[in-house]
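Chain letters run A, B, ... following the sequence lines, proteins first and then strands; every chain starts at 1. Computed from a predicted model, the values in this text were never measured in an experiment.
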Protein chains: 2
Amino acid sequence: MDDPGNGGHAALVQLQAYLAQMDHAGETRLPAERELSESLGVSRGDLRKALAVLEKDGRIWRHVGRGTFVGSGPVEETIGISEIAGRTNPADVMRARLIIEPEIAREAALHATLSDIASMRQSLVQTRDAGTWRQYENIDNLLHRQIAQASRNNVLLGLFDVLNAVRRTVVWGRLRSEGTRPPADHHSFADHERIVEAIAERDLGGAAAAMRLHLQQVERRLIPVREAAE
Amino acid sequence: MDDPGNGGHAALVQLQAYLAQMDHAGETRLPAERELSESLGVSRGDLRKALAVLEKDGRIWRHVGRGTFVGSGPVEETIGISEIAGRTNPADVMRARLIIEPEIAREAALHATLSDIASMRQSLVQTRDAGTWRQYENIDNLLHRQIAQASRNNVLLGLFDVLNAVRRTVVWGRLRSEGTRPPADHHSFADHERIVEAIAERDLGGAAAAMRLHLQQVERRLIPVREAAE
DNA sequence: AAGGGAAATCATATGCGAATTGGTTAAATT
DNA sequence: AATTTAACCAATTCGCATATGATTTCCCTT
């Protein structure tokens, strides 16, 4: 039993027993390696070998400074916007918007309450009254978020917020010339109205199509034409 | 000029000048109110009135403990998974998956490299070899993420990660009975193979359809039937 | 001399208290 | 009477001490 090379195996057995006993208690974090090695009566090296096996097996999860946990690892609690934004570009952001926002509009057409729709219509008026591009963009942001909120699906709303944060980080600084204001015939005004009207009429496909059209207009404006690519 | 009631206006003018001078320097954070009021030679109360005007206008953004910033506010740098997960339910998560994952599969069919596809095929084999449900779920997770990675769109990949983290938080603890292993005729095996094959054949629509079918199977398994709702 | 274990060391993460900052209220001053 | 000033509150950040997993070094046993 004390053969060299079996020490690791013995530690693995003891550790598995410990895990089974602990898993029933609902605890997910196990003691520090220094304590556990002494508690189990095995060397820290052997304990680490056993832990490595279980980690590769996906039964535990280790992280420096935090500890060792049972299960498929503590779900990453927060995600960094800049981590995503740092490795992408405006084209990919638009692609992602074109994928999820039309479907969000579709869900909104299905689930929006009358008060949701009233809020959207109020934002529509405010976009036309915007005196500066900055004001316009704020209200435009608000309107798109109101649509996401009207989907009554907090997961979609959360994904929208992430996407929006990434977008604002990626295109940061790309401000339109200050002082000027959105022209009265700006395409977005009509686009937005079509979207809200489709939602109000519970036209699921129409809402999705209107949103898709709107985003394609924005894309065309943001990225120089590249017809052949599609 | 020293009329009472005009003090606020004077402060607003000075502050706007300060903002214009600072905005060109690229700095987004302005000094603390106590310093700035002394620096501009106005009372803190008047300064705060001016700041309130600019904030309502969307030109600056204030947050306790952090400071005051120019622009439409410092983009929220991190988003908490539990904030999303705490206000949702498995049905909404599945809904969101059904919206974005098929489209991710479509993008993957368009952009996947040969090495991407090879990795997926390897995961396919491993899912069949999984000895426990826990192992199976780990590899299943990996496969879905490989597909998202193959889209070559880091925004979509980031959104997938968020969605995945939310999913794992929402259904946390809903573990299948330990010890048993996935049956050989588990529907996911065939589903996964169809998805990967469609991606390998660059069949965009097929990949999306196969993924949608797969997720609908999973949904049916997770949530008791509710045919009438659709 | 070789192998293995214990201790030292490193890099990362957390916890806590002090300092900072916007928001609010009370006192003081003119 | 009104405004400025100061004091206080609540939320946030920052720095330092501590904890933890990873890695290296040293020493002892055989």
Side-chain angles (χ1 to χ4, degrees), chain A residues 1-12 14-15 18-19 22 27-56 59-71 73-80 82-83, chain B residues 1-12 14-15 18-19 27-56 58-71 73-80 82-83:
Chain A
M1 275 294 189
D2 286 3
D3 292 353
N6 274 11
H9 184 62
L12 181 60
Q14 284 217 39
L15 182 56
Y18 187 93
L19 277 186
M22 197 188 66
E27 264 300 307
T28 64
R29 175 174 177 172
L30 45 86
E33 290 182 356
R34 292 163 177 81
E35 300 175 18
L36 190 56
S37 66
E38 188 174 7
S39 167
L40 294 184
V42 299
S43 75
R44 194 180 165 205
D46 285 346
L47 174 63
R48 283 185 56 75
K49 286 176 192 167
L51 288 170
V53 171
L54 294 184
E55 183 183 30
K56 194 168 58 183
R59 307 237 341 233
I60 64 171
W61 190 269
R62 296 190 281 183
H63 215 60
V64 183
R66 295 183 55 170
T68 305
F69 304 83
V70 301
V75 174
E76 211 171 318
E77 188 51 42
T78 63
I79 55 110
S82 57
E83 282 180 22
Chain B
M1 277 293 189
D2 286 3
D3 291 354
N6 275 13
H9 185 62
L12 181 59
Q14 284 217 40
L15 181 56
Y18 185 93
L19 277 188
E27 264 300 308
T28 65
R29 175 173 177 172
L30 44 85
E33 290 183 355
R34 292 163 178 81
E35 300 175 18
L36 189 57
S37 65
E38 189 174 6
S39 168
L40 295 183
V42 300
S43 74
R44 194 184 166 204
D46 285 346
L47 173 63
R48 282 183 56 75
K49 287 175 191 168
L51 287 171
V53 171
L54 294 184
E55 182 183 31
K56 195 168 57 183
R59 305 221 1 217
I60 64 170
W61 190 268
R62 296 190 280 183
H63 216 57
V64 183
R66 295 186 53 165
T68 305
F69 305 82
V70 301
V75 175
E76 212 170 315
E77 188 52 41
T78 62
I79 294 186
S82 56
E83 282 180 22

Rounded to the nearest 0.5 Å, what separates atom [atom1] in [X] from atom [atom2] in [Y]?
| X | Y | atom1 | atom2 | value |
| --- | --- | --- | --- | --- |
| A:L47 | A:K49 | CG | NZ | 11.0 Å |
| B:R48 | B:S37 | CZ | OG | 11.0 Å |
| B:F69 | B:I60 | CZ | CD1 | 11.0 Å |
| B:L40 | B:D46 | CG | CG | 11.5 Å |
| B:L15 | B:L51 | CG | CG | 5.0 Å |

Study note, to complete from the structure: B:A11 and B:A50 have their tightest heavy-atom pair at C-CB, 4.1 Å
Practice item. For A:M22 and A:V70, work out which heavy atoms get closest and say how close. Key: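 So the two residues come closest at CE-CG1, 3.5 Å.
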Check your understanding: What residues form a side-chain hydrogen bond (donor to acceptor under 3.5 Å, both in side chains) with B:E55, not counting sequence neighbours?
Key ->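 Per chain and number, B:E55 pairs via side-chain hydrogen bond (donor to acceptor under 3.5 Å, both in side chains) with B:R62.
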Exercise for review: Please examine the side chains of A:L54 and A:L19, heavy atoms only from C-beta on, and report whether any two atoms are closer than 4.5 Å.
Suggested key: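 Result yes, sub-4.5 Å side-chain heavy-atom pair found.
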Between [X] ([atom1]) and [N] ([atom2]), how many Å, whole number?
| X | N | atom1 | atom2 | value |
| --- | --- | --- | --- | --- |
| B:D46 | C:dG22 | CG | P | 17 Å |
| B:F69 | C:dG22 | CZ | C1' | 11 Å |
| B:L47 | D:dT4 | CG | P | 12 Å |

Practice item. Please give the angle, rounded to 10 degrees, between the axes at the start and the end of the helix from C:dA1-D:dT30 to C:dT30-D:dA1, where five pairs define each axis. Key: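 Inter-axis angle at the ends, rounded: 30°.
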Point to revise | With sequence neighbours excluded, residues passing side-chain contact (heavy atoms from CB on, under 4.5 Å) with A:R34 | key: A:R44
Check your understanding: Once each nucleotide of nucleotides 13-30 of chain D is scored for protein heavy atoms under 4.0 Å, what B/S/- sequence comes out, 5' to 3'?
Key -> S------BBBB-------
Extract from the structure each pairing of a protein N or O with an N or O of nucleotides 26-30 of chain C at less than 3.5 Å, listing the distance.
none

